[in-house]
S.K.: 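Sharing a structure, written as structure tokens. Questions coming.
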Amino acid sequence: MQVEVAVTGLGVISPIGNSVDEFWSNCTGGVSGVGPITHFDASKVESRIAAEVKNFDPSLWIERKEARKMALFSQYALAAAVQAWGDAGLPETGGHIDPERIAVVVGNGIGGLEVFTESHAKMLQDGPDRIPPMTIPLMIANEATANIAMRFGIHGPALTQVTACASGTDSLGQALDLIRAGRADVVIAGGTEAAITEFAVAAFCRLKALSTAYNDRPQLASRPFDRDRDGFVMGEGAGILILERLDRAAARGAHIHALLAGYGASCDAYHLTAPQPEGIFGAKAIGLALRDAGMRPEDIGYYNAHGTGTELNDPMESRMLKTAFGPLVQGLKISSTKSMTGHCIAAAGAIEAIACIKALETGLLPPTIHLDNPDTGNGCDLDYVPNVAQPCAVKAAMSASLGFGGHNGAVIFKSTRA
């Protein structure tokens, strides 16, 4: 019999809240986290808006001395991990759990980009011998995982997943596999990103990927499935989940938020930045997740969309869902919480997984805000839970993430009431 995996802890740092309760309240309330960029002077870039994390005080979770040794993406990840660990009711040192039986898997796309750009500027200005000595340890993508492992004294596998925008989702899938394979009993898993820098925003603008039409109305900019969309809005943050063997979690009396029931992954092998237009292999990832969970399409009541608000993604994802769910797609509730959080890159899948779990727990589905004129002419004609949260008791929820390079990942969560 396959080992069942419980979600016992949740933690989030996001553009709409730095706790799970605040995040979920704003998510179901349809609050936009998009505003003018404050992380740098955006006057020279075409897109001058982003979904930034607000009022982040790392000292709430991390000692000040330690925080100074971390890039922002590591700070976000560790802050969310501390929240999740506490929510799971685990002692600071792991308690009765062998630290060699605990693992960490965190997705990250770009690493400490602000560290790289600042250190590179220092080199150009003052020469290579003036590069700050901690540049590499702060910058590289695995440091979020490493800092979490050091905080909790974890000696099991400590892995970093880099599959662009699918990184957070793929990290959850990798964690699921670690527990099922008997390599770990507990896994801290999720994703983190902090790439709202002049370099990154300008580079995405060169790809014509970011919204530029709403610089004067930033809260309206992230518009998945709406015909007036004009690109995604850069976001940032971290989502972390504590995953445990269900039997061990139940034995210690842990509160179980949901079960992580299935995972599927595929690759388009089509284009570096564009998805396969029909979403064939995204649909394949959904099918694999269903098979992994021993479930059927009709078992899924809610789908949290990748839903970036780009010209290419939204029609493709709608076709993908029609392929994966067939006629049942007409009754499927779908929403894109990126309409509120922006696109948090590697953190997106983990943050959206938390939205799925909270939807299962509360019976309330978050909306796709700013969906005023659905792009039905391009096939965006499904139920995207427009503008207002909807009460709907569902027993299983799915989230999918689709990354540059054709990376597709999908995860399924089941209610403990199922």
Side-chain angles (χ1 to χ4, degrees), residues 8-15 17-23 38-39 52-100 102-108 110-119 131-160 168 171 186-197 236-242 344 346-347 350-351 354:
T8 58
L10 303 173
V12 70
I13 299 293
S14 82
N18 297 332
S19 70
V20 172
D21 287 346
E22 184 185 15
F23 162 77
T38 65
H39 286 351
E52 297 178 341
V53 167
K54 300 157 190 70
N55 304 314
F56 178 68
D57 180 359
S59 68
L60 295 175
W61 303 280
I62 311 166
E63 290 185 9
R64 293 184 187 276
K65 182 176 71 172
E66 296 303 313
R68 286 195 294 270
K69 301 175 185 176
M70 301 177 199
L72 195 55
F73 82 104
S74 288
Q75 292 182 19
Y76 288 166
L78 184 52
V82 171
Q83 290 177 35
W85 190 264
D87 182 44
L90 293 166
E92 187 73 9
T93 59
H96 63 284
I97 305 171
D98 181 349
E100 295 184 14
I102 308 175
V104 187
V105 186
V106 177
N108 180 251
I110 303 177
L113 198 55
E114 82 281 13
V115 175
F116 172 79
T117 53
E118 290 167 9
S119 295
I131 294 173
M134 287 293 288
T135 294
I136 294 298
L138 268 67
M139 181 185 78
I140 53 180
N142 68 295
E143 287 303 297
T145 297
N147 278 298
I148 292 170
M150 287 188 284
R151 170 62 179 265
F152 296 107
I154 293 168
H155 298 298
L159 309 173
T160 300
S171 292
V186 177
V187 185
I188 303 173
T192 186
E193 202 77 79
I196 302 175
T197 67
E236 61 178 353
I240 297 291
L241 286 68
I242 305 297
C344 299
I351 292 173
I354 292 171

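Values in this document were obtained by computation on a predicted structure and should not be read as measured data.
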S.K.: To the nearest 0.5 Å, what is the distance between CH2 (Trp85) and CG (Leu10)?
M.R.: 14.5 Å

S.K.: Hey, could you give me the CG/CZ distance between Leu138 and Phe116, rounded to the nearest 0.5 Å?
M.R.: 14.0 Å

S.K.: Counting N and O atoms only, with roles assigned by atom type, does the side chain of Thr117 sit under 3.5 Å from a partner on the main chain of Leu113, one being a donor and the other an acceptor?
M.R.: yes

S.K.: Which atom names give the shortest non-hydrogen contact between Pro133 and Pro137, and what distance separates them?
M.R.: O-CD, 4.2 Å

S.K.: If you compare all heavy atoms of Val53 against all heavy atoms of Gly237, which two are closest, and at what distance to 0.1 Å?
M.R.: CG2-CA, 3.9 Å

S.K.: Under a 4.5 Å cut-off applied to non-hydrogen side-chain atoms, are Val105 and Ser171 in contact?
M.R.: yes

S.K.: Please name the residue in the list Asn108, Asn142, Thr145 that meets the side chain to side chain donor-acceptor pair (under 3.5 Å) test with Thr160.
M.R.: Thr145

S.K.: For the atom pair CG (Asp98) and NE2 (His155), what is the distance rounded to the nearest 0.5 Å?
M.R.: 9.0 Å

S.K.: With side chains defined as the heavy atoms from C-beta onward, is the minimum distance between Ile242 and Asp87 less than 4.5 Å?
M.R.: no

S.K.: Enter the distance from Ser74:OG to Asn147:CG here, rounded to the nearest 0.5 Å.
M.R.: 5.0 Å

S.K.: Do you know which two heavy atoms are closest between Gly11 and Ala84, and how far apart they sit?
M.R.: N-CB, 3.6 Å

S.K.: Please report whether the ring centroid of Phe56 lies less than 6.0 Å from that of Trp61.
M.R.: yes

S.K.: Please examine the side chains of Ile351 and Cys344, heavy atoms only from C-beta on, and report whether any two atoms are closer than 4.5 Å.
M.R.: yes

S.K.: Hey, could you give me the CD1/CG distance between Ile188 and Leu78, rounded to the nearest 0.5 Å?
M.R.: 9.0 Å

S.K.: Using modelled atom types only, decide if a donor and an acceptor are shared between the side chain of Thr192 and the backbone of Ala238 within a distance under 3.5 Å.
M.R.: no

S.K.: Do the non-hydrogen side-chain atoms of Val187 and Val104 ever get within less than 4.5 Å of each other?
M.R.: no

S.K.: Hey, are Thr38 and Glu52 close enough side-chain-wise for a donor-acceptor pair under 3.5 Å?
M.R.: yes

S.K.: Do any N or O atoms from the side chain of Glu193 and from the backbone of Ala347 form a donor-acceptor pair under 3.5 angstrom?
M.R.: no

S.K.: Does any donor atom in the side chain of Glu236 or His39 lie under 3.5 Å from an acceptor atom in the other side chain?
M.R.: yes

S.K.: First locate atom CD of Glu22, then atom CD1 of Ile13, and finally report the distance between them rounded to the nearest 0.5 Å.
M.R.: 9.0 Å

S.K.: Scan side-chain atoms only and decide if Asp57 and Ser59 contain a donor-acceptor pair under the 3.5 Å cut-off.
M.R.: yes

S.K.: Determine whether a donor-acceptor pair (N or O, by modelled atom type, separation under 3.5 Å) exists between the side chain of Lys54 and the backbone of Pro15.
M.R.: yes

S.K.: Step by step, would you call Phe23 with Ile354 a side-chain contact (heavy atoms from CB on, under 4.5 Å)?
M.R.: CA-CA 10 Å; Phe23 162 77; Ile354 292 171; 4.1 Å; yes

S.K.: Over all heavy atoms of both residues, which pair between Gln83 and Asn18 is shortest? Give the atoms and the distance, please.
M.R.: NE2-O, 3.0 Å

S.K.: For Phe152 versus Ala81, what's the shortest heavy-atom pair and its separation?
M.R.: CZ-O, 4.1 Å

S.K.: At their closest point, which heavy atom of Val106 faces which heavy atom of Ala144, and how far apart are they?
M.R.: CG1-CB, 4.4 Å

